[in-house]
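The block underneath contains the structure these notes are about, expressed in structure tokens.
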Amino acid sequence: AAIDKLISDFEKGITHCEGLLKGLNNNDPTAMMEFAATSAELTDIGRRLEASTAAMTPAQQNRFKRLLAKADNLAAKLKK
């Protein structure tokens, strides 16, 4: 249950960051601050999840891998 909550929090954070992309592209300072805070939180959650992969069910591992790919895609969009 704790792992499921972490994965859900990770997913919510990624979705939130995706929503901030337009503001980032327009140099919106509020979006930039919010993105920085959410990114730091995502990094922390991601590290905790990576440390817990051995305890994850196959379904949880697949969901986490899918979210990592989504996060990588988001990072690639930021570099443009």
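In what follows, every heavy atom counts, from backbone to side chain, and hydrogens, waters and symmetry copies are set aside. Note that the structure is a prediction, hence the values are computed from the model and not measured.
- In the hydrophobic cluster analysis, where Ile, Leu, Val, Met, Phe, Trp and Tyr join through side-chain heavy atoms closer than 4.5 angstrom, Phe10 is grouped apart from Leu74.
- When only modelled atom types and interatomic distance are considered, Ser8 and Arg63 share a side-chain donor-acceptor pair under 3.5 Å.
- The cluster map of Ile, Leu, Val, Met, Phe, Trp and Tyr, joined by side-chain heavy atoms under 4.5 Å apart, puts Leu6 and Met56 in the same cluster.
- A donor-acceptor pair under 3.5 Å is formed between the side chain of Asp28 and the backbone N or O of Thr30.
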Under 3.5 Å donor-acceptor pairs involving side-chain atoms of residues 12-23, not counting sequence neighbours:
{"residue": "Thr15", "atom": "OG1", "partner": "Glu11", "partner atom": "O", "Å": "3.0"}
{"residue": "His16", "atom": "NE2", "partner": "Glu34", "partner atom": "OE2", "Å": "2.6"}

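- Each of Ile7, Asp9, Leu67 was scored for a side chain to side chain contact (heavy atoms under 4.5 Å, CB included) with Ile45, with one residue passing: Asp9.
- When side chains are defined from C-beta on, Gln60 does not count as touching Leu49, because their heavy atoms never get closer than 4.5 Å.
- Note: the hydrophobic cluster containing Met32 also contains Leu78 (ILVMFWY, side chain heavy atoms under 4.5 Å, direct or indirect links).
- Crowding of Glu41 atom CD: a count of heavy atoms from other residues, nucleotides or ligands under 6.0 Å not exceeding 12.
- Residue pairs satisfying the side chain to side chain donor-acceptor pair (under 3.5 Å) criterion with at least one member in residues 44-54, sequence neighbours excluded, are listed as follows: Asp44-Arg48.
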